[in-house]
Amino acid sequence: MTPEQFIARWKNNPLTERAGSQAYFLDLCTMLGVPPPNDPDNYCFERGAARTGAGRGWADVWKRGCFAWENKAPGGNLGDALRQLMTYALALDNPPLLVTCDRETIQIHTHFTGTPSETHTIALHDIGQPANLQKLRWLFTDPERFRPRRTTQDVTAEAAERFAAIAQALTARGADPQQVAHFLIQCLFCLFAEDAGLLPARLFERIVEKSTTAPDRLGQRLGELFASMRQGGEFLLEDIAWFNGGLFEVVQPPPLQPADAQALLQAARMDWSNIEPAIFGTLFERGLDPAKRSQLGAHYTDPGTIAKLIEPVITRPLAAEWKAARATIAAAMAQYHAGGKGAQAALKTAQATFAGYLERLRNVRVLDPACGSGNFLYLALRALKDLEHRANLDAEALGLHRQLSIETGPANVLGLEVNPYAAELARVTVWIGEIQWMLGHGYDIRRNPILAPLDHIQCRDALLAPDGSEAPWPQADVIVGNPPFLGDKKMRGELGDAYVERLRALYAGRVPGGADLVTYWFEKARAQIEAGQCQRAGLVSTQAIRKGANRRVLDRIVATTRVFEAWSDEPWVNDGAAVRVSLVCFGRSGQAARLDGQEVGEIHADLTHATELDLTRARALSQNADTAFQGTIKVGNFDIPGHTAREWITLPNPNGRPNADVLRPWANGQDLAGRPSDTWIIDFGVDMSETDAALYETPFAHVLEHVKPVRELVNRAGHRRYWWRHGEPRVAMRRAMAGLSRYIATPRVAKHRFFVWLPAAVLPDSRLYAICRADDCTFGVLSSRLHTAWALANASRHGVGNDPTYNAHDCFETFPFPAGLTPADNAHQATEATASGALIPARIADAACRAAACRIAEAAKRLSDLREAWLNPPEWVEWVITPEEEQAGFPRRPVPRPGFEAELKKRTLTNLYNARPAWLAHAHRELDAAVAAAYGWTDYTPAMPDEEILRRLLALNHARAG
């Protein structure tokens, strides 16, 4: 059949919809040269017609993975046809294309996940055009050809950028940021409502277009539109629906200029119906909040990652309930259709079971107690609506009448959010997500009002009430969310001393004093579950929750309820920055435990599983106390270049003292992993008064200029009061270092776990841990495979590189040193040299211990000497020092000899351990053997698995901890 013959046959054809439907499609197949429907499981007419009581199928024609097709008679309502296909798309396995046809027109609607919908229209009289014939063939053979090039995420990001530019322009002119944000959120919703068909076509766009030359009138006209939307009524001779919802309760547009009107006009000309609710709140919040605007172009967490929490706490358990209900309905309907005695009772049972499940869904409440701009709330609501929709379709297939609307809605989700920008956006996210879902699945939206009040998304603190008591949380079936990531050290700076002190006092005994802020949400969720106010929780945390003080919160969760699903190490985005997190689901659930997507027997508090060693049972050992310390935290710009420090050392002071008293070489993690940076630091110690500090004239002037202005803005009172001192000067560390000529240091975060010697004059930064011992024996034990395996197993992960961390509590204080060689055994810190010059503790009385210490120390010194020779070859390096530095007791520093600068830059410990040459591996094997022998492990070989090493060390830890 030629296109001309097809057109002639079907132009003004009098056949009814039902009579002409299949004939039209068969002729179309003949014209295109494609097979007709011939497979009930993959390509057929009336897909779904076999469902009990159905006169017609869910689609007139269906081809798996390609399309669903719905016919109407000429002049029929293709919008109704599309809504029907949307309603049944789930039952049709979500085909990528939805086709509606009235024999005069074919409309191909794209239905790909994550992309805006596009419509391709082919009129009957144009069907013979080559491009149209090609499109029709692609329906059957290559539906991917229709996939839109832009994603909904692309559209949403562009929309956010446009509004961010408007917000920045308005606030730059002095407009109140909160007023600007509220106005732009109102504009955002209007643009969406306009493109979704809830406002008259192009109404907002026409208002802005007409006002570009009179921006003073634009604010007035938009204010009138907003007022009309608040109550419903007439505006510019157009009928405006009643929106309500609180969004238009306050109408106060800021003063606008021509450039603002032009920017709004460009925004209005976009298609806003396809913005992605799961991310737009985050992006808009960044654009509207001046404090977050720099994050606008940064990454955001994709909905698929959030689903790893939504699915186990919401979707999976409620789907299991429906599975059981569906089985009951199926059995009852089979009895009903068999007829006879009890048939009517069986029908009532089926109907009651279906109604009971729907009521169950309507009553589910999901709380996000740190809801931000609402992405978790939207995805939770979408999950509930998907469940209800699936139940509707399944019930219809079993012979029951499905409900005509979806009852789950904004009332199902509750939120707490302290940021007013985010709280308002959260409400709009839920509203837009609700409307998009309903329209996208062929259901009518709610009316009168269109926007349900969302007062249950509250703008308030989730932890402390205004009177200082513990803030209550509303009762909910499920708690989900991404609480704020603020480390213990940053809490005071962000929240203030008073808030932090009150918080810690209030939660004392439940949350350790040094725990991160996120752990308070975990504890409150646990308490809600324990009190019967919640069933399950799924929360995000930094990986630090698995270790140290933070893990005590997971210990309480495991003790009082159960972790039933966790992802121990996942990429995430926090305030625009890529981080690594743990996702933890806990509470009452009959689900089998799953860790990192695999079923396991039990999940421990450190998010390992039952077949692994439970290192959470390791305890801090008293013999390791007061030895390992995190370096100082500056809180301000105290550091200076080495050449500046050397100049200052020579300057006189009014007190007659040298600046060397308050200047020290300084090292951070990069200085150990890379090349030394020759950075020094101003250090007024732990108790020097401001008056005495001022006598060191030049260093004090630097701190006065560069540190004091910063300190005056921080929340922590002590940091403001003692602004000339480091924020955390580490009194205990300095005490432990007293009398030492050197100490052991390791980076707090590093790809490889290595230890190095630093001169005692060098002050360690907070990115280092200092082990305050000077003997090679301790250095050797720490550098051995046995300790590094223990440290790695007890480490959390940090940053995009997912590098292991080191901390005093979990990695050092729990580690059982060989007997007689513990930190407590050499607490007096005196050392003596072996024949080779290695240093061991001076007072080892036991001959066997002494021999073991000598062997370890000599192997450790050999390792350190070899590394140093590789890092700083004498042919390439000259060690220099000024007379003033030498007089003050400062160490020499390596300087490249001429011509070797580039090569020397490559000599770093990170590069060395990346390559791990044979000589380095051999030196480590010698050291490992010496340390294993000190434990009495006569069977140790390099082939011994790490798990066996950890098992033995854990047993020794338990024995010593009692």
Side-chain angles (χ1 to χ4, degrees), residues 1-39 42-49 56-89 92-112 115-150 271 442:
M1 177 178 285
T2 66
E4 292 75 16
Q5 290 171 326
F6 182 86
I7 294 170
R9 177 167 182 178
W10 290 102
K11 184 177 182 182
N12 300 322
N13 190 294
L15 289 177
T16 64
E17 175 184 328
R18 190 163 183 80
S21 174
Q22 294 189 8
Y24 176 92
F25 192 84
L26 290 171
D27 281 354
L28 184 69
C29 291
T30 302
M31 179 187 71
L32 296 173
V34 299
N38 56 6
D39 180 353
N42 294 288
Y43 178 28
C44 63
F45 288 119
E46 295 295 349
R47 174 68 174 177
R56 297 188 61 183
W58 289 316
D60 289 333
V61 194
W62 170 78
K63 192 172 194 292
R64 186 184 297 278
C66 292
F67 62 81
W69 185 300
E70 187 67 21
N71 284 301
K72 291 291 182 184
N77 190 325
L78 293 185
D80 288 345
L82 179 60
R83 280 189 289 275
Q84 178 173 339
L85 290 178
M86 288 177 168
T87 299
Y88 290 112
L92 297 167
D93 295 331
N94 283 315
L97 301 173
L98 304 178
V99 186
T100 58
C101 174
D102 66 356
R103 305 206 302 258
E104 294 292 335
T105 303
I106 298 173
Q107 291 185 341
I108 303 168
H109 306 271
T110 64
H111 192 60
F112 294 90
T115 67
S117 180
E118 295 180 351
T119 301
H120 302 260
T121 301
I122 301 173
L124 176 62
H125 58 79
D126 293 329
I127 206 166
Q129 293 179 5
N132 289 335
L133 290 172
Q134 184 63 74
K135 284 184 178 181
L136 291 170
R137 290 190 180 99
W138 284 341
L139 275 175
F140 297 84
T141 62
D142 196 359
E144 277 292 320
R145 295 276 191 169
F146 291 93
R147 182 182 290 275
R149 294 182 179 180
R150 299 190 75 198
D271 182 358

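Note that this is a predicted model, so its numbers are computed, not measured. Residues: numbered from 1 along the sequence shown.
Without hydrogens or angle criteria, D60 side chain to E46 main chain gives no donor-acceptor distance under 3.5 Å. Using a distance-only test at 3.5 Å, with no hydrogens or angles considered, no donor-acceptor pair links the side chain of R83 to the main chain of L78. Using a distance-only test at 3.5 Å, with no hydrogens or angles considered, no donor-acceptor pair links the side chain of Q84 to the main chain of A81. A donor-acceptor contact shorter than 3.5 Å is absent between the side chain of T105 and the backbone of C101. In terms of modelled atom types and a separation under 3.5 Å, the side chain of S117 and the main chain of T110 share a donor-acceptor contact. Without hydrogens or angle criteria, R150 side chain to P116 main chain gives no donor-acceptor distance under 3.5 Å.
L139 CG to L32 CG: the interatomic distance, rounded to the nearest 0.5 Å, is 8.5 Å. Taking CG from L98 and NE2 from H109, the interatomic distance works out to 7.5 Å, rounded to the nearest 0.5 Å. With rounding to the nearest 0.5 Å, the separation of CZ in R64 from CZ in R47 is 5.5 Å. The distance from the CD atom of Q107 to the OG1 atom of T119 is 6.5 Å, given to the nearest 0.5 Å. Note: T141 OG1 to K63 NZ = 8.0 Å, rounded to the nearest 0.5 Å. Distance check, rounded to the nearest 0.5 Å: CG of L97 to SG of C66 gives 7.5 Å.
With contacts defined as side-chain heavy-atom distances shorter than 4.5 Å, the pair R9/D27 qualifies. Between W58 and L85, every side-chain heavy-atom pair lies at or beyond the 4.5 Å cut-off. Between N71 and D102 there is no side-chain heavy-atom pair separated by less than 4.5 Å. Counting heavy atoms from C-beta on, the side chains of E104 and P74 come closer than 4.5 Å. Residues D126 and L124 have side chains not in contact (no heavy-atom distance under 4.5 Å, counting atoms from C-beta outward). Residues R147 and T115 are in side-chain contact: their nearest non-hydrogen atoms beyond the backbone lie under 4.5 Å apart. The shortest distance between side-chain heavy atoms of K72 and T100 does not fall below 4.5 Å. Looking at heavy atoms from C-beta onward, E70 lies out of side-chain contact with V99 at the 4.5 angstrom threshold.
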Test side-chain contact (heavy atoms from CB on, under 4.5 Å) applied to L15 and R103, step by step: CA-CA 10 Å; L15 289 177; R103 305 206 302 258; 4.0 Å; yes

side-chain contact (heavy atoms from CB on, under 4.5 Å) evaluation trace for L136 with I127: CA-CA 9 Å; L136 291 170; I127 206 166; 3.6 Å; yes

F67/V61 under side-chain contact (heavy atoms from CB on, under 4.5 Å): CA gap, chis, key distance, verdict: CA-CA 8 Å; F67 62 81; V61 194; 4.1 Å; yes

Stepwise side-chain contact (heavy atoms from CB on, under 4.5 Å) test for M31 and T2: CA-CA 6 Å; M31 179 187 71; T2 66; over 6 Å; no

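Of all heavy-atom pairs between L92 and A59, the closest is CD1-CB, 3.9 Å. Summarising the geometry of P95 relative to H111, their closest heavy-atom pair is O-CD2, 3.3 Å, with the distance given to 0.1 Å. C44 and P37 make their closest contact through CA-CB, 3.7 Å (heavy atoms, listed as atom of the first residue, atom of the second, distance). The shortest non-hydrogen separation linking P143 to P96 is CB-CG, 4.1 Å.
Paired with W69 under the rule ring pair (Phe, Tyr, Trp, His ring centres under 6.0 Å), one option of F140, Y88, F25 passes, and it is F25.
Ring-centre distance between Y43 and W62: not below the 6.0 Å cut-off. A ring-centre distance under 6.0 Å is found for W10 and Y24. Between F146 and F112, a ring centre-to-centre spacing not shorter than 6.0 Å is recorded.
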